[in-house]
Amino acid sequence: MQRIAMLGGGFIGRFYAESIHGQRSRDKVTAIYARRQETADKFKADYGCDVASTDMEAVIAHPDVDMVCIALPNNIHETAVNLCAKHKKSVVCTKPLGRTGEEALRMMKTAEEAGIFAGYLEDLCYTPKFLKSLESVKNGALGRILWAKSRETHPGPHSDWFWDKEQAGGGCMLDLGCHCVEISRNFIGKDVKPVEVMCWAATQVKPIDAEDHAIALVKYENGAIGQFEVSWTFRGGMDLRDEVMGTEGTIWINNFLRTGFEMFTTGVGADYVAEKAESNTGWLFPVGDEVNDLGYNHMFTDMFKSQEEGREPAETFYDGYIVNAVLDAAYKSAETKQWEPVQLPVWRGQEGLKPESTLVEYDADHYLIKQEMTHDGRNKLILKEKASGKIIERDVA
């Protein structure tokens with residue numbers, strides 16, 4: 001059993017509490033910290049907490065707390081991690097880990113030096129569809145991964161601090177791109193180094209200082225490409241989609257907006273539909289089990305079991321630091337309009353990888369480009385002559 005202190009009583013803290021109390025049925029949020037007492041008191045009443053306070057350190061240090069869950073604005077993450085290290089409490093932190101790679105690296109080192117368990121709450125790397133897809137990729141069903149794309153777009157976040165560049169550290173790219181970068185890293189291989197980024201970002205709609213729309217390419221050392229598309233300007237709900245392409249196959253994932261559940265209503269008796277839904281009338285796209293479909297259940301189960309078994313979870317503070325470093329390069333590229341290197345003063349993966357050869361042996365004299373069955377029943381080969389480089393066609397029996 002885990003006895004958890006929730007730091008933050010807002011939207012994400014409540015999502016986390018729903019999952020924690022519902023998945024393993026033995027874990028409990030015993031304490032709540034919020035910046036406003038009325039928020040803490042309401043959370044305490046709703047989730048049966050024993051302690052509600054506006055004193056963060058007192059909540060973290062409470063003897064009935066085993067693990068701390070950080071669900072706070074980005075600019076407070078490091079302060080909370082430092083207090084967890086001080087009081088030797090296990091900690092899990094919502095995404096993004098930090099506002100910058102440097103901040104995230106400090107948090108990672110603080111947790112490691114204190115010897116405490118530290119997990120990165122990247123829920124979209126725990127959705128049922130993602131976990132099944134990742135298993136297929138790791139089993140080789142797609143061959144060598146060439147390209148991984150992730151898209152998250154919606155009309156914008158719920159709380160005021162997200163829209164403040166100083167508190168949040170950035171706009172939609174930091175808020176949503178952190179999901180997308182880590183999704184691609186998993187598919188490409190988390191031990192494969194991201195080396196440089198090309199990014200376009202702009203403020204197209206919202207009256208804010210940060211970007212509300214961004215698109216980027218992330219180049220990996222083995223030649224694979226990660227791609228993300230993020231926006232706070234998308235109308236029509238929340239669109240979560242991933243695509244993975246390999247030498248032997250392709251995966252398409254639609255996590256949220258179009259999942260096979262569609263409903264029309266005039267609005268009579270209508271209420272909450274789904275996260276970021278813009279309407280509760282007309283054609284709607286509800287989500288069957290929102291907490292589960294967004295990965296929270298599997299995420300907390302992994303975190304708690306990992307802590308209890310003395311092992312690392314699937315997503316760690318190290319992963320959060322790598323994501324922040326990639327996004328640092330994306331922000332710089334958006335300014336310079338050039339490919340920018342990913343700065344990784346700490347790297348624990350493979351070194352010196354090279355893109356794999358594109359040459360597929362067919363026989364002693366030819367490379368294979370393509371083999372196909374035509375509409376008239378021919379088994380056709382397209383080959384490249386090794387000696388001349390000439391491209392030829394050949395029918396085979």
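In this structure, the side chain of K88 engages the main chain of A114 through a donor-acceptor pair within 3.5 Å. No donor-acceptor distance shorter than 3.5 angstrom exists from the side chain of S159 to the backbone of W161, with no hydrogens or angles considered. Without hydrogens or angle criteria, T301 side chain to N297 main chain gives a donor-acceptor distance under 3.5 Å. In terms of modelled atom types and a separation under 3.5 Å, the side chain of H213 and the main chain of A201 share no donor-acceptor contact. At least one donor-acceptor pair under 3.5 Å links the side chain of S184 to the backbone N or O of A148. Formation of a donor-acceptor pair under 3.5 Å by the E221 side chain with backbone atoms of L353 is found in this model.
For the side-chain contact (heavy atoms from CB on, under 4.5 Å) with K129, the qualifying choice from L134, D242, N255 is N255, the only one to do so. With L240 as the fixed residue, the side-chain contact (heavy atoms from CB on, under 4.5 Å) test singles out one of T127, L257, L294, N254: L294.
Using a cut-off of 4.0 Å between Lys/Arg side-chain N and Asp/Glu carboxylate O, K109 and E102 are scored as not salt-bridged. Between D46 and K44 there is no salt bridge, since no side-chain nitrogen of the basic residue lies less than 4.0 Å from a carboxylate oxygen of the acidic one. In summary, R378 and D395 engage in a salt bridge, as defined by a charged side-chain N under 4.0 Å from a carboxylate O. Between K332 and E335 no salt bridge is recorded (no basic side-chain N to carboxylate O distance below 4.0 Å). Using a 4.0 Å cut-off between charged nitrogen and carboxylate oxygen, E361 and K386 count as a salt-bridge pair. Taking the charged nitrogens against the carboxylate oxygens, R144 and E248 have no contact shorter than 4.0 Å, which rules out a salt bridge. Contact check on E103 versus R99 returns a salt bridge, with a Lys/Arg side-chain nitrogen under 4.0 Å from an Asp/Glu carboxylate oxygen. A salt bridge does not link D41 with R36: none of the charged nitrogens is closer than 4.0 Å to a carboxylate oxygen. Residues K95 and D175 are paired through a salt bridge, judged by an N-O separation under 4.0 Å between the basic side chain and the carboxylate. Between K380 and E372, at least one side-chain N (NZ, or NE/NH1/NH2) sits under 4.0 Å from a carboxylate O, which counts as a salt bridge. For D66 and R3, the salt-bridge test passes: some basic side-chain N is under 4.0 Å from an acidic carboxylate O.
Counting non-hydrogen atoms of other residues, nucleotides and ligands closer than 6.0 Å to CD of E312 gives a total of 12 or fewer. Other residues, nucleotides and ligands contribute over 12 non-hydrogen atoms within 6.0 Å of the CH2 atom of W200. The environment of E385 atom CD is dense: over 12 non-hydrogen atoms of other residues, nucleotides or ligands sit within 6.0 angstrom. Residue K384 places its NZ atom among 12 or fewer non-hydrogen atoms of other residues, nucleotides or ligands, all under 6.0 Å distant.
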Chi angles and distances behind the ring pair (Phe, Tyr, Trp, His ring centres under 6.0 Å) call for F285, F261: CA-CA 6 Å; F285 309 100; F261 185 179; 9.6 Å; no

side-chain contact (heavy atoms from CB on, under 4.5 Å) evaluation trace for E166 with D209: CA-CA 9 Å; E166 175 59 29; D209 295 329; over 6 Å; no

Trace of the side-chain contact (heavy atoms from CB on, under 4.5 Å) decision for C84 with I60: CA-CA 7 Å; C84 290; I60 291 171; 4.3 Å; yes

Full working for salt bridge (Lys or Arg N to Asp or Glu O under 4.0 Å) between E135 and K138: CA-CA 5 Å; E135 180 183 10; K138 288 183 173 180; over 6 Å; no

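Relative to the six-membered ring of W339, K219 meets both conditions, a distance below 6.0 Å and an angle of at most 45° to the axis.
Using a 4.5 Å cut-off on side-chain heavy atoms (C-beta onward), E196 and V218 make no contact. Between T94 and Y16 the shortest side-chain heavy-atom distance falls below 4.5 Å. Inter-residue side-chain proximity for K305 and R311 is flagged as met; some heavy-atom pair is nearer than 4.5 Å.
Aromatic rings from Y296 and Y126 are positioned such that their centres are separated by 6.0 Å or more. Checked against the 6.0 Å centroid criterion, the rings of F187 and F130 qualify as a close aromatic pair. Aromatic ring centres of Y321 and F317: separated by at least 6.0 Å. Ring to ring, F43 and Y47 are close: their centroids are under 6.0 angstrom apart. The aromatic ring centres of F234 and H154 sit 6.0 Å or more apart.
Under the 3.5 Å distance criterion, with hydrogens and angles disregarded, no donor-acceptor pair is assigned to the side chains of T203 and E211. Checked by atom type, the side-chain pair D319/T316 shows a donor-acceptor distance below 3.5 Å. Looking at H179 and E122, their side chains do bring a donor and an acceptor atom within 3.5 Å of each other.
Taking all atoms of both residues into account, the shortest heavy-atom contact from N186 to E182 is ND2-O, 2.8 Å. Contact between A40 and I32 at its shortest, heavy atoms only, is O-CG2, 3.6 Å. Closest non-hydrogen pair, Q167 versus N74, comes out as O-CB, 3.6 Å.
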